[in-house]
Amino acid sequence: MDDSWPGKLLKWFKGNRRDLPWRQNRSIYRVWVSEVMLQQTRVDTVIPYFHRFIEAFPTVSTLAKADQEDVLKFWEGLGYYARARNLHRAAEVVMERFNGVIPDQPELFRQLPGVGPYISAAVMSIACGHAIPVVDGNVLRTVCRIFALEYDIAQPATRKNIAALLAEKIPENKPGEFNEAMMELGATICTPASPGCDGCPIRHNCLAKQKNLVSELPIKSRKRPVPQYRIVVAVITDSSGRMLIQKRPENGLLGGLWEFPGGKVEKGETLPDALKRECMEELAVKVKVGKEITTIRHAYTHFKILLTAFYCTITSGTLTSYLPFRWAKMEDIASLPFPKANHKILPALREIKIEVE
DNA sequence: AATTCGGGGGC
DNA sequence: GCCCCAGAATT
């Protein structure tokens with residue numbers, strides 16, 4: 001019998017394992033894709049994306065051959081688009097440097113774009129049997145409670161400390177199951193608010209429970225408040241009703257996605273003046289700012305926006321931009337990767353078009 | 001070590 | 001509203 005908590009945890013996991021899509025066929029590719037999607041994203045959110053992505057790109061080879069824009073379209077709405085760009089590039093690296101075979105050694109796999117300490121440990125343990133502990137948000141919280149650790153989980157160093165601690169506990173013969181069990185416990189029982197200690201398989205091993213510190217742990221330092229920005233965008237239509245959209249730079253926020261031209265309103269600037277300035281800066285044209293279309297709110301991770309869209313008409317100049325731009329019909333937009341904040345404009349756009357006609 | 005990266009769900 | 005989520009890359 002195994003009375004240590006890892007033993008109890010594994011036994012519990014055997015009988016309480018959720019049947020998730022990426023647990024049905026454990027190829028390295030499928031586990032890898034799932035872990036990239038699961039980064040900072042809930043299981044329930046990922047499931048439909050995983051099915052669609054695997055159907056479209058069933059192998060690393062098909063992914064490597066795909067256009068980045070198509071990969072981004074399958075990622076649309078999932079956020080953190082660098083994950084998709086890095087996964088796509090990594091697939092190309094696998095084809096070019098590894099003869100199309102995803103490396104099963106941690107030192108090699110870890111070097112692929114978008115593969116950090118967590119994804120490396122997760123894929124290498126779950127799909128390849130390497131005894132490397134994962135440290136995600138669930139594990140940070142759960143371990144701090146099991147050992148009543150008053151670490152600040154917002155500090156990067158805490159991840160290293162907990163990884164070192166778990167390296168002593170992870171069973172050599174079942175590393176993947178142990179890692180999944182730790183995360184499963186954190187996701188379903190040892191939750192951030194009101195954890196289900198009564199149903200916890202290792203409650204008798206939990207120091208936080210013994211010391212009545214469960215609701216106090218883990219400790220996390222707070223981040224600074226997020227700023228709000230005022231944004232304006234232009235809906236410029238040509239004679240046949242198509243709209244001008246442009247592609248964002250490859251890197252940075254929403255990299256590689258399409259959107260309506262526009263930008264931040266500067267201090268002391270009116271909304272129309274800001275829009276005229278942005279159109280001149282980005283597209284080298286003078287515009288007349290017409291009817292207001294709609295105003296929407298949207299929250300990103302570290303700032304919020306209040307965005308107003310206006311119909312605009314080009315009065316002079318020749319469209320010029322260092323970024324790709326194109327005229328798009330509504331159905332074109334539907335087939336391109338388009339950020340959520342811009343999607344929020346579209347319903348109001350349809351209504352006004354009907355009015356005009 | 002701190003910042004920058006989405007979007008949704010729970011409370 | 002705020003918090004968190006199967007984190008990585010950049011500075």
Side-chain angles (χ1 to χ4, degrees), chain A residues 17-18 20-23 30-50 72 75-87 89-90 110-127 132-142 152-160 162-163 176 178-188 190-195 218 220-228 248-257 259 296-305 337-344:
Chain A
R17 187 173 178 272
R18 286 177 293 178
L20 303 174
W22 43 89
R23 286 180 178 167
R30 286 170 60 92
V31 175
W32 181 16
V33 170
S34 75
E35 294 299 347
V36 175
M37 287 188 169
L38 285 162
Q39 183 187 329
Q40 294 288 281
T41 310
R42 292 171 198 287
V43 165
D44 291 339
T45 302
V46 165
I47 290 174
Y49 281 91
F50 181 78
L72 284 173
W75 213 270
E76 181 189 276
L78 203 51
Y80 285 162
Y81 298 94
R83 295 183 295 176
R85 300 193 302 271
N86 284 332
L87 181 59
R89 203 180 328 140
R110 174 70 177 78
Q111 294 172 12
L112 294 170
V115 176
Y118 167 78
I119 290 181
S120 179
V123 176
M124 290 297 99
S125 65
I126 295 169
I132 310 168
V134 298
V135 183
D136 73 332
N138 290 310
V139 173
L140 282 172
R141 178 177 60 257
T142 304
D152 179 0
I153 63 169
Q155 299 275 328
T158 299
R159 284 181 184 263
K160 286 188 176 180
I162 290 186
F178 175 79
N179 281 334
E180 285 195 291
M182 287 294 291
M183 295 189 282
E184 195 92 337
L185 186 70
T188 63
C190 199
T191 51
S194 58
K220 186 171 190 176
S221 58
R222 228 167 279 154
K223 291 175 184 170
R224 55 187 169 74
V226 299
Q228 291 220 35
R248 295 181 60 91
E250 283 295 301
N251 298 311
L253 184 74
L254 304 168
L257 276 69
E259 67 178 7
I296 62 101
R297 293 175 185 283
H298 191 72
Y300 294 91
T301 303
H302 57 290
F303 63 91
K304 291 184 272 192
I305 63 169
F338 215 63
K340 179 68 174 175
N342 274 247
H343 267 299
K344 286 179 177 175

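In what follows, chains carry the letters A, B, and so on, assigned in the order in which the sequence lines appear, proteins first and then strands, with residues in each chain numbered from 1.
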Margin query: By nearest atom, which of the nucleotides C:dG7, B:dA2, C:dA6 is closest to the A:Pro156 side chain?
Written below: B:dA2
Notebook entry, point to check: Which one, B:dG6, C:dA6, B:dG8, comes nearest to the side chain of A:Thr301?
Noted result: B:dG6
Taking only N/O atoms, report every protein-nucleotides 9-11 of chain C pair under 3.5 Å with atom names and distance.
from: C:dA9; atom 1: OP1; to: A:Gly114; atom 2: N; distance (Å): 2.5

Check: Between C:dA6, B:dG6, B:dT4, which one does the side chain of A:Asp136 approach most closely?
Finding: C:dA6
Would you tabulate the pairs of protein nitrogen or oxygen atoms and nucleotide nitrogen or oxygen atoms of nucleotides 1-4 of chain C closer than 3.5 angstrom?
from: C:dC4; atom 1: O2; to: A:Arg42; atom 2: NH2; distance (Å): 2.6

Note to self: Using OP1 and OP2 only, check whether a side-chain N or O of A:Gln40 sits under 4.0 Å from C:dC5.
What the structure shows: no
Note to self: By the 4.0 Å heavy-atom rule, please label A:Gly252 as base, sugar-phosphate, or nothing.
What the structure shows: sugar-phosphate
Item checked: Any side-chain heavy-atom pair of A:Leu38 and A:Phe50 under 4.5 Å -> no
Next item on the list: Side-chain contact test, heavy atoms from C-beta onward, threshold under 4.5 Å: evaluate it for A:Phe303 versus A:Leu253 and give yes or no.
Entry: yes
Next item on the list: Assign each of A:Gly77 and A:Lys223 to its nearest nucleotide of DNA chain B by heavy atoms, then name whichever residue's nucleotide is nearer the 5' end.
Entry: A:Lys223
Notebook entry, point to check: Pairing of DNA chain B as dot-bracket, 5' to 3': ( ) intra-strand, [ ] crossing, | other strand, . unpaired, with Watson-Crick or G-U pairs under 3.5 Å?
Noted result: |||||.|||||
Notebook entry, point to check: Closer to the 5' end of DNA chain B via nearest nucleotide, is it A:Ser194 or A:Arg83?
Noted result: A:Arg83
